Amino acid sequence: GGARDAPVEIAGLCLKKGLAPLAAVFLHGLMTGSPDLRETSAAALGEAIGFTSAAALGPFVVQITGPLIRIVGDRFPWGVKAAILQTLKLLIGKGAMLLKP
């Protein structure tokens, strides 16, 4: 492991409210879209989380986690649930300290 293994962060997503526009769009797709759109939205949200610093992610952790947990409990195809669980894994990895027990 060298520099290639280091996490990549996008500067714009690491700004104070840099994730806000993407989070709003992806959460809307996750909450209201077709199963395919929900899966794509969850995966895209995970990608955005992956490119966001933990500090910049902080204000969004609870806002993002709630809808993910609500949707994963609903009756959707396995692909939707897999994308949501992968996104939750990334979110917990970066923002675990910000989630209440």
Side-chain angles (χ1 to χ4, degrees):
R4 296 183 79 180
D5 295 331
V8 175
E9 295 177 350
I10 296 175
L13 291 176
C14 297
L15 297 173
K16 185 176 181 182
K17 295 184 180 181
L19 187 59
L22 294 178
V25 171
F26 296 149
L27 287 173
H28 182 74
L30 181 70
M31 299 296 291
T32 63
S34 66
D36 284 343
L37 182 59
R38 289 175 191 250
E39 181 178 347
T40 301
S41 295
L45 188 57
E47 287 284 324
I49 289 167
F51 292 125
T52 304
S53 68
L57 184 61
F60 299 96
V61 171
V62 173
Q63 174 188 347
I64 292 170
T65 304
L68 289 171
I69 291 172
R70 279 194 300 277
I71 297 299
V72 82
D74 289 346
R75 294 177 186 229
F76 287 105
W78 67 268
V80 174
K81 293 184 180 206
I84 289 172
L85 291 173
Q86 182 63 30
T87 299
L88 280 169
K89 177 183 166 195
L90 288 168
L91 194 59
I92 291 168
K94 283 198 173 192
M97 299 304 292
L98 301 168
L99 292 169
K100 296 177 183 176

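Numbering of residues begins at 1 and proceeds along the displayed sequence. Treat the numbers as computed from the prediction; the structure is a model and nothing was measured.
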For the residue pair Leu90 and Leu45, establish whether any side-chain heavy-atom pair is separated by less than 4.5 Å. no

Mind running side chain to side chain contact (heavy atoms under 4.5 Å, CB included) on Leu13 and Leu22 for me, showing each step along the way? CA-CA 9 Å; Leu13 291 176; Leu22 294 178; 3.6 Å; yes

Could you measure the distance from the OG atom of Ser53 to the CG atom of Leu15? Nearest 0.5 Å is fine. 9.0 Å

side-chain contact (heavy atoms from CB on, under 4.5 Å) involving Ala82 - partner list, sequence neighbours excluded: Trp78

Between Ile49 and Met31, is there a shared hydrophobic cluster once you connect ILVMFWY residues whose side-chain heavy atoms come closer than 4.5 Å? yes

In Å and rounded to the nearest 0.5 Å, what is the CZ to CD1 distance from Arg70 to Ile84? 11.0 Å

So does Leu57 get a backbone contact from the side chain of Lys94, meaning a donor-acceptor N/O pair under 3.5 Å? no

Whether Arg38 side chain and Gly29 backbone form a donor-acceptor pair below 3.5 Å: no

Flag, side chain of Lys81 to backbone of Phe76, donor-acceptor distance under 3.5 Å: no

When you compare the side chain of Ile64 with that of Leu19, does any pair of heavy atoms fall below 4.5 Å? yes

Least distance between heavy atoms, Ala42 atom then Leu30 atom: CB-CD1, 3.9 Å

To the nearest 0.5 Å, tell me how far Ser41 OG sits from His28 NE2. 9.0 Å

In this structure, CG of Leu27 is separated from CG of Leu68 (nearest 0.5 Å) by 7.0 Å

side-chain contact (heavy atoms from CB on, under 4.5 Å) with Pro21: which residues, sequence neighbours excluded? none

Taking all atoms of both residues into account, what is the closest heavy-atom pair of Thr65 and Val61, and its distance? OG1-O, 2.6 Å

Please report the interatomic distance CD(Glu39) to CD(Gln86), rounded to the nearest 0.5 Å. 12.0 Å

Which atoms form the tightest heavy-atom contact between Phe51 and Val8, and what is the distance? CD2-O, 3.3 Å

Could you work out, with side-chain contact (heavy atoms from CB on, under 4.5 Å) as the rule, every residue matching Thr40, not counting sequence neighbours? none

